[in-house]
**Student:** 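Questions regarding the structure given below will be posed in turn.
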Amino acid sequence: MSDQPSAAEEIMDGVYRALRAHGYADVTMQDIADECSKSKSLLHYHYDTKEDLLVAFLDYVITDSEARIRAHADDPPVERLAGFVGWFVFEADAVDREAFHIALLELRTQGPFNERIREQLVRSDRLLRGTVADILESGIEAGTFREVDVGETAALVVATLDGARTRQITLTGGDGDDAVDIDDLPEPTYTRRVAEATLQRIVEPLLAEDVALPSLEDGIAEMNRADEGE
């Protein structure tokens with residue numbers, strides 16, 4: 001089997017790079033064509049509008065996340081949960097990743113007004129909460145976690161981590177406006193600090209007796225292995 005990416009994968013990679021560079025509002029079909037070395041006419045052959053292409057891209061990203069999660073479904077529940085927490089950490093120098101998530105945040109703001117985008121966002125939310133719920137259920141069955149309200153705890157974990165990520169990408173990287181009190185802004189390591197607190201204040205109390213709490217570094221390493229497809 002060839003290791004060369006398909007034309008569809010090349011287009012999706014081009015969307016990723018174009019969104020990082022231009023953001024959702026300003027990106028054009030020509031920008032995407034330039035990033036994937038395809039003609040604009042070829043893009044329009046497969047996707048009538050920019051909206052069609054961006055909806056397809058959301059589907060692609062979520063499908064990829066589903067595959068990565070499935071690949072680690074048999075890992076120990078505690079490692080899986082630590083990896084999930086680590087997934088939301090932005091390192092201070094992760095400029096490209098942050099730019100991409102800013103573009104995704106712009107897409108999320110279209111949810112109330114665009115049914116097709118909203119459907120993908122609902123799917124993403126269900127995937128995140130469902131993943132944590134599945135980890136908790138597996139851990140309870142294995143005796144790793146104590147009995148808890150799985151749905152409520154999953155919602156809390158996702159809201160905490162996703163909220164931290166949103167706060168960091170929306171309140172950092174500004175132009176130094178003097179009207180903003182710098183003490184009110186999150187530090188570049190904000191998601192890391194929230195992830196640490198999530199492990200200590202939410203995950204650790206879930207653990208059964210004699211079960212060790214993984215470090216955040218272990219969780220980030222688990223996340224990196226997922227990204228690398230190991």
Side-chain angles (χ1 to χ4, degrees), residues 1-72 83-84 86-111 113-128 131 162 165-166 168-170 172-175 188 191 220-230:
M1 182 179 295
S2 173
D3 292 330
Q4 294 297 316
S6 67
E9 289 172 328
E10 290 179 353
I11 291 172
M12 294 300 119
D13 286 344
V15 176
Y16 172 77
R17 291 190 294 270
L19 284 173
R20 275 187 342 197
H22 303 282
Y24 163 77
D26 294 332
V27 73
T28 66
M29 292 289 271
Q30 187 60 60
D31 293 328
I32 296 168
D34 292 342
E35 290 290 350
C36 64
S37 300
K38 305 293 182 185
S39 67
K40 183 178 175 182
S41 60
L42 177 64
L43 294 186
H44 277 294
Y45 177 79
H46 293 286
Y47 308 97
D48 289 338
T49 65
K50 183 178 83 169
E51 178 188 316
D52 291 333
L53 180 49
L54 292 177
V55 169
F57 177 71
L58 283 175
D59 174 75
Y60 176 82
V61 169
I62 297 168
T63 300
D64 182 66
S65 296
E66 290 170 339
R68 295 182 184 192
I69 289 167
R70 283 196 304 270
H72 291 264
F84 184 89
W87 208 347
F88 287 79
V89 173
F90 279 92
E91 301 297 351
D93 59 351
V95 177
D96 284 346
R97 187 173 176 223
E98 187 164 317
F100 173 63
H101 277 281
I102 290 172
L104 285 186
L105 184 61
E106 290 182 277
L107 267 171
R108 289 170 69 174
T109 65
Q110 302 306 304
F113 316 106
N114 188 306
E115 182 177 357
R116 297 168 68 201
I117 290 177
R118 183 168 62 253
E119 287 174 353
Q120 294 299 327
L121 297 178
V122 169
R123 178 183 165 204
S124 176
D125 182 66
R126 286 175 177 166
L127 173 63
L128 294 178
T131 296
D162 190 47
R165 179 171 61 187
T166 299
Q168 179 161 320
I169 65 177
T170 56
T172 59
D175 57 6
T191 53
I220 292 173
E222 180 72 11
M223 180 271 292
N224 288 335
R225 285 194 292 274
D227 282 345
E228 292 164 2
E230 293 183 8

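Here, residue 1 is the first one in the sequence, and each next residue gets the next number.
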**Student:** Could you name each residue pair satisfying salt bridge (charged side-chain N to carboxylate O under 4.0 Å, His left out) that touches residues 41-50, not counting sequence neighbours?
**Tutor:**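 For residues 41-50, and leaving out neighbouring residues, there are no salt bridge (charged side-chain N to carboxylate O under 4.0 Å, His left out) pairs at all.
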**Student:** Could you tell me which residues satisfy side chain to side chain contact (heavy atoms under 4.5 Å, CB included) with Arg97, sequence neighbours excluded, listed by chain and number?
**Tutor:**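 Trp87, Phe90, Ala94, His101.
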**Student:** So, for Ser65 and Leu127, which heavy atoms are closest and what is the spacing to 0.1 Å?
**Tutor:**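 So the minimum-distance heavy-atom pair works out to CB-CD2, 3.9 Å.
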**Student:** Once side chain to side chain donor-acceptor pair (under 3.5 Å) is applied, do any residues pair with Arg108, and if so which ones, sequence neighbours excluded?
**Tutor:**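 Residues passing side chain to side chain donor-acceptor pair (under 3.5 Å) with Arg108: Asp162.
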**Student:** Testing the basics here: between Leu43 and Cys36, what is the closest heavy-atom pair and its distance to 0.1 Å?
**Tutor:**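 Closest pair (atom of Leu43, atom of Cys36, distance): CD2-SG, 4.3 Å.
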**Student:** Closest heavy-atom contact between Arg20 and Ala99?
**Tutor:**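 For Arg20 and Ala99, the tightest heavy-atom pair comes out as O-CB, 3.6 Å.
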**Student:** Name all residues meeting the salt bridge (Lys or Arg N to Asp or Glu O under 4.0 Å) criterion together with Arg123; count only those two or more places apart in sequence or in a different chain, and write none if there are none.
**Tutor:**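 Once residues adjacent in sequence are excluded, the partners of Arg123 under the salt bridge (Lys or Arg N to Asp or Glu O under 4.0 Å) criterion are Asp59, Glu66.
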**Student:** Of all residues at least two apart in sequence or in a different chain, which pass the salt bridge (Lys or Arg N to Asp or Glu O under 4.0 Å) check with Glu106?
**Tutor:**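 Counting only residues at least two positions away or on another chain, Glu106 forms no salt bridge (Lys or Arg N to Asp or Glu O under 4.0 Å).
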**Student:** To the nearest 0.5 Å, tell me how far Ile169 CD1 sits from Leu105 CG.
**Tutor:**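 It is 4.5 Å, given to the nearest 0.5 Å.
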**Student:** To the nearest 0.5 Å, tell me how far Thr63 OG1 sits from Leu58 CG.
**Tutor:**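 Taking OG1 in Thr63 and CG in Leu58, the distance rounds to 10.5 Å.
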**Student:** Does Asp31 use its side chain to pair, donor to acceptor, with the backbone of Thr28 at less than 3.5 Å?
**Tutor:**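 Yes, the answer is positive, given that a donor and an acceptor are paired below the 3.5 Å cut-off.
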**Student:** Could I get the full list of side chain to side chain donor-acceptor pair (under 3.5 Å) partners for Thr49, not counting sequence neighbours?
**Tutor:**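 Thr49 satisfies side chain to side chain donor-acceptor pair (under 3.5 Å) with Asp52 only.
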**Student:** I'd like to check Ile69 versus Phe84 (side-chain heavy atoms, cut-off strictly below 4.5 Å). Are they in contact?
**Tutor:**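 With C-beta onward as the side chain, the pair stays apart.
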**Student:** Given side chains that start at C-beta, do those of Tyr60 and Val15 come closer than 4.5 Å, heavy atoms only?
**Tutor:**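 The answer is no; the side chains never approach within 4.5 Å.
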**Student:** My understanding is that only residues two or more places apart in sequence, or in another chain, count here; which of them pass side chain to side chain contact (heavy atoms under 4.5 Å, CB included) with Val95?
**Tutor:**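 Checked Val95 against side chain to side chain contact (heavy atoms under 4.5 Å, CB included); zero matches.
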**Student:** What residues form a side chain to side chain donor-acceptor pair (under 3.5 Å) with Gln30, not counting sequence neighbours?
**Tutor:**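 Checked Gln30 against side chain to side chain donor-acceptor pair (under 3.5 Å); matches are Asp34.
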**Student:** Would a 4.5 Å heavy-atom cut-off, applied to side chains only, mark Leu54 and Leu19 as touching?
**Tutor:**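 A side-chain contact exists here, since the closest heavy-atom pair is under 4.5 Å.
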**Student:** Would you name the heavy atoms of Lys38 and Glu10 that are closest together and state the gap between them?
**Tutor:**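 Distance-wise, the nearest heavy atoms are NZ-OE1, 2.8 Å.
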**Student:** Below 4.5 Å, heavy atoms only, C-beta onward: do Leu53 and Met12 meet side chain to side chain?
**Tutor:**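 They are in side-chain contact.
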**Student:** Looking at Ala18 and Val27, what are the two nearest heavy atoms and their distance?
**Tutor:**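 Residues Ala18 and Val27, closest heavy atoms: CB-CG2, 3.6 Å.
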**Student:** Which pairs with one or both residues in residues 8-27 pass ring-ring contact (aromatic ring centres under 6.0 Å, His included), sequence neighbours excluded?
**Tutor:**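 Non-adjacent pairs meeting ring-ring contact (aromatic ring centres under 6.0 Å, His included): Tyr16-Phe100.
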**Student:** For Asp64, enumerate each residue passing the salt bridge (Lys or Arg N to Asp or Glu O under 4.0 Å) test, keeping only those at least two apart in sequence or located in another chain.
**Tutor:**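 Listed in chain order: Arg68.
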**Student:** What's the separation between atom CG in Leu107 and atom OG in Ser124, rounded to the nearest 0.5 Å?
**Tutor:**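 Between Leu107 CG and Ser124 OG, I get 11.5 Å after rounding to 0.5 Å.
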**Student:** Hey, could you give me the OG1/CZ distance between Thr166 and Phe88, rounded to the nearest 0.5 Å?
**Tutor:**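 Interatomic distance, Thr166 OG1 to Phe88 CZ, rounded to 0.5 Å: 9.5 Å.
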**Student:** Just to verify, what does Glu51 make a salt bridge (Lys or Arg N to Asp or Glu O under 4.0 Å) with, not counting sequence neighbours?
**Tutor:**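 Per chain and number, Glu51 pairs via salt bridge (Lys or Arg N to Asp or Glu O under 4.0 Å) with Arg116.
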**Student:** List for me each residue that meets side chain to side chain donor-acceptor pair (under 3.5 Å) alongside Ser39, sequence neighbours excluded, and say none if there are none.
**Tutor:**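 By the side chain to side chain donor-acceptor pair (under 3.5 Å) rule, Ser39 matches Ser41.
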**Student:** Which atom names give the shortest non-hydrogen contact between Gln110 and Ile117, and what distance separates them?
**Tutor:**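 Distance-wise, the nearest heavy atoms are CB-CD1, 3.9 Å.
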**Student:** Rounded to the nearest 0.5 Å, what's the gap from CG on Leu121 to CD1 on Ile62? Could you check?
**Tutor:**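 Atom-to-atom, Leu121:CG and Ile62:CD1 are 7.0 Å apart.
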